[in-house]
Amino acid sequence: MLSRIFLATALGCLIFFCAIFCAPSALAQPPAANQMPSVIQVPAAAQASPHFDATAATNAYLAQIPADKTARSDAYFEGGYWLILWDFLYGAVVALLLLNLRWSARMRDLAERVTRFKPVHTCVYWLQYLVLTSILIFPLTVYEGYFREHKYGLATQTFGPWMGDQMKSLGVGLVLGGVVVMLLFGVVRRLPRTWWIWGAVVTILFTTFIDLIGPVYISPIFNTYTRLNDPKIVEPILSMARANGIPAKDVYTMDASRQSTRMSANVSGFANTMRITLNDNLLRRGSPEEIQAVMGHEMGHYVMNHIYKGILFDSIETVLMFACLYFGLGWALKRWGEKWKIRGVGDTAVVPLVVLLVSIFSFVFTPVDNTATRTQEYEADMYGLNTSRQPDGFAQAAIHVGEYRKMNPGPIEEWIFFDHPSGRNRIYAAMRWKAENLKLFMSQQ
Ligand SMILES: [Zn+2]
């Protein structure tokens, strides 16, 4: 029966692929990238003068963005709001399908025929589950990750390498997901009453471990990381690091252009694996002032211990999520457990139900997570302005990331959907900083 399920889904995907390749593709001619101008001039109203006004300067910066670019990045970003909903609903349908058609129970039975040794049994189930669900959600994955990105000129990959990255992600999911699922079922089976507390502890330790090893062992699976050598770029950054008490000796760059046109930078890992990386799109298109402003922001994350605070926040949320799981699973299994042929919380067939409940939790928590991240990003913005003293470089960076983020949302929209302050708010913060530090710029003139 299960092989028939696989056959049917695989066949469906094959037809889907044929349709993609045979149709005269709109992607034969990739649309022009939605690129803002690389160098953004400091508009007259944003130049230091005794009449400098932060709001007028902000408006002058925003007025530099061509209207068609704004419309396009607004459409891209607002489409993302709907995708949160569609991803959630599609995932819920897949989970309910696996439960109601008892495919999950059948996968468990098959895994039991392979082995009764619990840890291996769990892994065999996980392998089937992940492959089957990846196939079922593939239409949405390919639309969201490939066609839509190309439509908005943000993607640089052709289908083959994109699919290669998907396969790598699947491999990572099989290994890391397999380990965590094995550990969690071990906990549930041994501690039937308190599993939700210990399950949360295992999850927290595991995700912290992944955060630690990620920059060194996982990210390089997808991109090449190299030490940056150009002293023109590196020296001002390292000088800024020294001035802020950051023991950095190197700055890294990575070939983000392999996948996308997005300009960005990040600070990742912690302890020995902590590193600041600026991607090659930023390096190629950003002005020195812009790069310094962005690096100042990243250093803010480091100095204010945002990674540790993030881990703490995620830990609290994880405990809350496991408590919800404890009650949610008990409630759902009492009602439908028999129908779905799930024997209990310790039965691997319960996985789609767990995924469904976790996705409901994450969906509801979207604004909370976004607000937590956005608050840290705002703090890093303030730190970056103070340390780089490049408000115009910062405004230019805000416009560049506006290639894929809406610049000027309403306040509620920003609260719900934005994990960074909006472009307008970031430029305004930079211009406000400039207004309060005008003497730094007046003396240069
Ligand atoms: Zn940041």
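Ligands are counted one by one from 1 in listed order, and the atoms in each one are counted from 1 as well.
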*Asks:* When you compare the side chains of Y302 and N244, does any donor N or O come within less than 3.5 Å of an acceptor on the partner?
*Replies:*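 Judged by distance alone, the side chains do not pair up.
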*Asks:* Near the Zn ion (ligand 1), is there an N/O/S atom from D381 that is less than 2.8 Å away?
*Replies:*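 Looking at D381, which is the residue asked about, there is no N, O or S atom under 2.8 Å from the Zn ion (ligand 1).
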*Asks:* Taking N, O or S atoms only and a limit of 2.8 Å, check whether H301 reaches the Zn ion (ligand 1).
*Replies:*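 A backbone or side-chain N, O or S atom of H301 is under 2.8 Å from the Zn ion (ligand 1).
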*Asks:* Hydrogens and angles aside, do N223 and D255 bring a side-chain donor and acceptor to less than 3.5 Å of each other?
*Replies:*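 On atom types as modelled, these side chains qualify, holding a pair under 3.5 Å.
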*Asks:* Taking both backbone and side-chain atoms into account, decide whether H420 has an N/O/S atom under 2.8 Å from the Zn ion (ligand 1).
*Replies:*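 For H420, the answer is no, given that no N, O or S atom comes within less than 2.8 Å of the Zn ion (ligand 1).
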*Asks:* Nearest to the Zn ion (ligand 1), which N, O or S atom of E377 do we find?
*Replies:*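 Among the N, O or S atoms of E377, the one closest to the Zn ion (ligand 1) is OE1.
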*Asks:* Pick from F417, F418, Y404: which one makes a ring pair (Phe, Tyr, Trp, His ring centres under 6.0 Å) with F77?
*Replies:*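 Result: among F417, F418, Y404, F418 is the only option passing the ring pair (Phe, Tyr, Trp, His ring centres under 6.0 Å) with F77.
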*Asks:* Salt bridge or not for R424 and E414, using N-O below 4.0 Å?
*Replies:*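 Judged by the 4.0 Å cut-off on N to carboxylate O distance, R424 and E414 do not form a salt bridge.
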